A.B. asks: 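One structure is given below, represented as structure tokens, and several questions about it will come after.
Quick note on labels: first sequence line is chain A, next is B, and so on, each numbered from 1. Just so it is clear, the model here is predicted, and its values are computed rather than measured.
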There are 2 protein chains.
Amino acid sequence: MTTASDKAYAEIRGLILSGDASPGTPLREEALADIVGVSRTPVREALKRLESELYAVRTPGGRLVVAAWDGDDVAEIFALRAMLESHAAARAARRLSPAAIAELRACNADLQAAIAGHEPDIARFLAANRAFHDLIISGSASGRLATMLAGLVEQPIVRRTATRYDRSDLQRSATEHDQLIQAFTARDSDWARAVMAAHIHRALHAFRTAS
Amino acid sequence: MTTASDKAYAEIRGLILSGDASPGTPLREEALADIVGVSRTPVREALKRLESELYAVRTPGGRLVVAAWDGDDVAEIFALRAMLESHAAARAARRLSPAAIAELRACNADLQAAIAGHEPDIARFLAANRAFHDLIISGSASGRLATMLAGLVEQPIVRRTATRYDRSDLQRSATEHDQLIQAFTARDSDWARAVMAAHIHRALHAFRTAS
DNA sequence: GTGAGTGGTTTTGTATACAAGAGCGGCGCA
DNA sequence: TGCGCCGCTCTTGTATACAAAACCACTCAC
């Protein structure tokens with residue numbers, strides 16, 4: 001863990017996601033270095049990464065500002081995630097070991113536990129959901145896919161979506177995860193692809209109708 | 001153009017693609033800085049970029065080495081390109097202006113001129129092909145898509161594929177580009193998506209049978 | 001009053017110096 | 001002779017200093 005650089009990345013991204021740095025806010029290297037408590041060098045690396053993940057955009061003159069997303073951007077992000085994660089699911093269906101599938105099962109059990117109580121534990125749901133999807137991506141054994149999906153700004157969307165979920169939506173996620181596990185167990189890549197595509201498209205729908 | 005950093009990127013990538021730096025070769029920052037003639041700082045940025053594009057991989061200890069690709073990697077790259085560029089074509093079909101379509105037409109005319117002579121001009125073909133695809137990607141008006149496709153290591157594949165093309169394959173590319181232009185003119189995004197998918201899958205096939 | 005030119009100021013880009021960690025070889029011991 | 005430990009060197013990570021370019025505002029001319 002390269003402390004300084006990763007710390008700068010995490011902190012600056014936090015500023016953006018929390019809204020402390022609203023769209024259009026300039027991201028000046030020295031100011032951020034002061035905030036984070038490191039020098040400009042690791043801040044520069046963090047900013048390059050945030051730029052490549054489109055959290056920030058560069059003005060004609062080379063200045064970085066926080067990027068703004070509109071509804072079309074959100075739809076595009078979901079469309080890309082649907083394509084790439086469906087592909088990951090299809091690959092994973094051919095590659096996942098029984099042990100990995102067992103891990104997925106455990107993960108989804110945790111997810112269901114998170115929403116079983118009187119008041120759903122959203123943070124725990126999100127963590128389990130994230131772990132579930134990450135397991136599939138790493139199970140797809142494609143470095144390229146992993147890189148691309150990591151770069152896809154997803155967390156803010158996932159968070160905003162989940163906070164808008166009602167209980168039936170959350171339950172539905174768990175059910176769809178179960179279907180994925182069935183498809184994996186059957187080693188049926190087409191099935192896995194279809195379920196994953198439906199899963200993510202439904203999330204977009206939930207996001208749209210809730211906002 | 002930020003000279004030093006981009007220059008380092010281009011030169012180092014050149015070393016990798018030309019084979020001067022074969023898979024497994026360590027990429028040491030200071031040595032590369034000497035070769036390129038800049039300091040370690042821009043070299044570091046170039047290496048980060050090459051790493052994110054998977055031209056290089058990091059060893060457990062943090063050293064960078066040139067990445068090795070096998071047949072499965074090549075297939076995966078084509079599969080991802082097929083998905084993403086089809087999506088780009090579909091989006092472009094809904095967005096391209098008549099002027100942009102005219103540009104595509106001119107571009108494909110150039111491509112056809114490159115292969116019309118007695119001896120096909122491969123370099124010119126590749127440049128025109130690249131320009132054609134880039135126009136579509138920028139026409140899709142999705143920064144995310146553009147970033148991802150830029151990051152997808154494609155040039156080496158394209159080059160290796162085209163050198164294996166026989167004349168009928170080259171001609172076929174031109175024809176498929178014409179079909180894309182027709183689909184764009186008709187503003188038919190499904191048609192455009194299908195043609196692009198076929199176009200890239202055929203390229204994979206040509207690559208496989210020729211190697 | 002408006003526009004362009006020009007200076008200062010701010011901000012990024014590059015180079016270098018320093019610190020910390022990893023790999024490697026030699027040496028000693030069993 | 002083989003294995004493990006220790007110290008050295010080499011490499012990367014971070015900080016800082018310097019150069020160049022961009023933005024801004026002010027002024028001056030028309």
A.B. asks: How close or far is atom P of C/dG13 from atom CZ of B/R49, stated in whole angstroms?
C.D. replies: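 So the CZ-P distance, B/R49 to C/dG13, works out to 14 Å.
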A.B. asks: Please state whether the rings of B/F78 and B/F207 are parallel, tilted or perpendicular, taking 30° and 60° as the class boundaries.
C.D. replies: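 Correct class here is tilted.
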A.B. asks: On DNA chain D, nearest-nucleotide positions of B/E29 versus B/T41: which is more 5'?
C.D. replies: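 Upstream on the strand: B/E29.
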A.B. asks: Rounded to the nearest angstrom, tell me the gap between atom CZ in B/R40 and atom P in D/dT11.
C.D. replies: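 Taking CZ of B/R40 and P of D/dT11, I get 11 Å after rounding.
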A.B. asks: As a test of reading the structure: which of D/dT12, D/dT14, D/dC23 is closest to the side chain of A/R63, going by heavy atoms?
C.D. replies: D/dC23
A.B. asks: In this structure, how many angstroms lie between the P atom of D/dC18 and the CD atom of A/E30, rounded?
C.D. replies: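 Those two atoms, CD and P, are 14 Å apart.
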A.B. asks: Should A/R105 and A/T185 be marked as a side-chain contact (heavy atoms from CB on, under 4.5 Å) after you check the CA-CA gap, both sets of side-chain angles, and the distance that decides it?
C.D. replies: CA-CA 11 Å; A/R105 232 182 279 274; A/T185 307; 3.7 Å; yes
A.B. asks: Round to a whole Å and report the spacing from CD of B/E45 to C1' of D/dG13.
C.D. replies: 14 Å
A.B. asks: Reckon A/R44 has a side-chain N or O less than 4.0 Å from the OP1 or OP2 of C/dT12?
C.D. replies: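 No, no such contact exists.
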A.B. asks: Nearest heavy atom decides the nucleotide; on that basis, is B/S5 or B/T59 closer to the 5' end of DNA chain C?
C.D. replies: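 Mapping each residue to its closest nucleotide by heavy atoms, the 5'-most match is B/S5.
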A.B. asks: Let's see if you can work this out: which of C/dT16, D/dG13, D/dT14 has an atom nearest to the side-chain heavy atoms of B/R58?
C.D. replies: D/dG13
A.B. asks: On DNA chain D, compare the nucleotides closest to A/G61 and A/V38; which residue's is nearer the 5' end?
C.D. replies: A/V38
A.B. asks: Tell me the interatomic distance from A/L64, atom CG, to C/dT11, atom P, rounded to whole angstroms.
C.D. replies: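 The distance from CG of A/L64 to P of C/dT11 comes to 13 Å, rounded to the nearest Å.
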A.B. asks: Would you say D/dA15 has OP1 or OP2 under 4.0 Å from some side-chain N or O of A/S39?
C.D. replies: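 True: A/S39 side-chain N/O within range (under 4.0 Å) of D/dA15 OP1/OP2.
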A.B. asks: Rounded to the Å, how far apart are B/R28 CZ and C/dA22 P?
C.D. replies: 19 Å
A.B. asks: Decide yes or no for B/H87 and B/R91: does some side-chain heavy atom of the first lie under 4.5 Å from some side-chain heavy atom of the second?
C.D. replies: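 Yes. Closest side-chain heavy atoms under 4.5 Å.
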A.B. asks: Let me know the distance between CG of B/D6 and P of C/dG13, rounded to the nearest Å.
C.D. replies: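 Taking atom P of C/dG13 as the reference, CG of B/D6 is at 10 Å.
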A.B. asks: Is there a side-chain contact between B/F132 and B/D110, using heavy atoms and a 4.5 Å cut-off?
C.D. replies: no
A.B. asks: What's A/L27 touching, base or sugar-phosphate or nothing? Going by heavy atoms closer than 4.0 Å.
C.D. replies: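 Result for A/L27 = sugar-phosphate.
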A.B. asks: Of all the heavy-atom pairs spanning B/S189 and B/A93, show the shortest one and how long it is.
C.D. replies: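 Looking at all heavy atoms of both residues, the closest pair is CA-CB, 3.6 Å.
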